[in-house]
Participant: 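Got a structure here, written out as structure tokens. Questions coming.
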Amino acid sequence: MKILITGFEPFGTVSDNPSQRIVEHIGKQNNPAIITQTLPVDYATAGEKLIHLIDTHQPSAILLLGVAAKRETIALERIAVNINDARIPDNAGNAVKGEKIAENAPVGYWSTLPLDSFHTAVAEVDIPVSYSNHAGAYLCNHVFYRARHHLETTNRADVPCGFIHVPSIEAVSLDEQIQAIQACVNILLKESLLQDA
């Protein structure tokens, strides 16, 4: 049983990315069942790095994190869309506009994470949480789509995989964000243990 959790490095006006801080905090727990990684904000390398992690570690669940600074809740993303459309350049200076992520592929993929269980768990600790139907068209959506497409096309569609957007730390404190994501991770750990039993 392994769970892969990723966040993103700083980018644009986000000088301190809470998704990276959350991933680093979880990584310091040294749980052998959890693999953590910060991904680059770079269209050319982020997806490839993520796919390498998936193929290397063969995780039983994949939880992808990123920041959406204008959100005010922990946002559980339902759908990844097959488009790159950058509002700002990535950290390599690429401003991709209106390009498909994968040719001859579905327009979208549903999250396969237990979002309803996540929503309940985060709400129970009194942290603002919501569902979102759109992960944008920047790097967050890019890796969400790349991961789901890779699993679907390599006969691993049964691996729970999806994306959570966290807000700025001004909207929800970093401690609360960590608590919320840890609650979601605990659900994945419990479900993985049940499946292994």
Participant: Within a reach of under 6.0 Å around NE2 of His57, are more than 12 heavy atoms found that belong to other residues, nucleotides or ligands?
Facilitator: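 Result for NE2/His57: enclosed.
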Participant: Kindly indicate, with the supporting measurements, whether the criterion side-chain hydrogen bond (donor to acceptor under 3.5 Å, both in side chains) is fulfilled by Arg71 and Thr73.
Facilitator: CA-CA 6 Å; Arg71 305 280 181 98; Thr73 68; over 6 Å; no
Participant: Which residues pass the side chain to side chain donor-acceptor pair (under 3.5 Å) test with Asp116, sequence neighbours left out?
Facilitator: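 So Asp116 forms a side chain to side chain donor-acceptor pair (under 3.5 Å) with Tyr131.
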Participant: Please state whether the rings of His142 and Tyr43 are parallel, tilted or perpendicular, taking 30° and 60° as the class boundaries.
Facilitator: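 Rings of His142 and Tyr43: perpendicular, as their planes differ by over 60°.
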Participant: Evaluate the side-chain proximity of Val67 to His165: yes if any heavy-atom separation is below 4.5 Å, no if none is.
Facilitator: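 Heavy-atom side-chain distance check fails, nothing below 4.5 Å.
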Participant: Under a 4.5 Å cut-off applied to non-hydrogen side-chain atoms, are Asn94 and Pro89 in contact?
Facilitator: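 Side-chain contact under 4.5 Å: no.
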Participant: Is any side-chain heavy atom of Pro40 closer than 4.5 Å to one of Phe11?
Facilitator: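 Heavy-atom side-chain distance check fails, nothing below 4.5 Å.
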Participant: Is any side-chain N of the basic residue among Asp55 and Arg156 closer than 4.0 Å to the acidic one's carboxylate O?
Facilitator: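 Answer for the salt bridge query: yes.
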Participant: Pair His134, Asn141 - check side-chain hydrogen bond (donor to acceptor under 3.5 Å, both in side chains), show working.
Facilitator: CA-CA 8 Å; His134 199 297; Asn141 176 76; 5.9 Å; no
Participant: May I ask you to say whether Lys28 pairs ionically with Glu24, meaning some side-chain N is under 4.0 Å from a carboxylate O?
Facilitator: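 Salt bridge: no.
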Participant: So among Leu39, Val143, Thr38, Thr6, which one has a side chain to side chain contact (heavy atoms under 4.5 Å, CB included) with Lys49?
Facilitator: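 Output: one option passes, namely Leu39.
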Participant: Check whether any side-chain heavy atom of Tyr138 lies under 4.5 Å from a side-chain heavy atom of Asn84, and answer yes or no.
Facilitator: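 They are not in side-chain contact.
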Participant: At what distance, to the nearest 0.5 angstrom, does CD1 of Ile178 lie from CD1 of Ile26?
Facilitator: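 Result: 7.5 Å between the selected atoms.
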Participant: How many angstroms lie between CG in Leu139 and CG in Leu50, if you round to the nearest 0.5 Å?
Facilitator: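 Rounded to the nearest 0.5 Å, the CG-CG separation comes to 11.0 Å.
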Participant: Kindly give the heavy-atom pair with the smallest separation between Ile54 and Pro59, and that separation in Å.
Facilitator: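 It is O-CD, 3.4 Å.
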Participant: Output the distance between atom CD (Glu77) and atom OG (Ser130), rounded to the nearest 0.5 Å.
Facilitator: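 One gets 8.0 Å once the value is rounded to the nearest 0.5 Å.
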Participant: Suppose we call two aromatic rings close when their centres sit under 6.0 Å apart. Are Tyr109 and Phe144 close by that rule?
Facilitator: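 Ring centroids of Tyr109 and Phe144 are no less than 6.0 Å from each other.
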Participant: To the nearest 0.5 Å, what is the distance between CG on Leu4 and CG on Leu64?
Facilitator: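 The distance works out to 7.0 Å.
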Participant: Run the side-chain hydrogen bond (donor to acceptor under 3.5 Å, both in side chains) check on Gln182 and Gln177 step by step: do they pass?
Facilitator: CA-CA 8 Å; Gln182 188 64 60; Gln177 292 190 32; over 6 Å; no
Participant: Between Ser19 and Asn17, what is the shortest heavy-atom contact and its length?
Facilitator: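 Looks like OG-OD1, 2.8 Å.
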Participant: Where is the tightest heavy-atom contact between Asn91 and Pro10, given as atom of each residue plus distance?
Facilitator: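 In this case the closest contact between Asn91 and Pro10 is ND2-O, 2.9 Å.
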Participant: Assigning hydrophobic clusters by single linkage (Ile, Leu, Val, Met, Phe, Trp, Tyr; side-chain heavy-atom cutoff under 4.5 Å), is Val41 placed with Ile83?
Facilitator: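 No, Val41 and Ile83 fall in different hydrophobic clusters.
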Participant: Please report the interatomic distance CD1(Ile22) to CD1(Ile181), rounded to the nearest 0.5 Å.
Facilitator: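 Those atoms lie 5.0 Å apart.
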Participant: What distance do Cys184 atom SG and Leu76 atom CG have between them, rounded to the nearest 0.5 Å?
Facilitator: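 One gets 6.5 Å once the value is rounded to the nearest 0.5 Å.
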Participant: Do the side chains of Cys140 and Phe163 get nearer than 4.5 Å, heavy atoms only?
Facilitator: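 Yes; the side chains approach each other to less than 4.5 Å.
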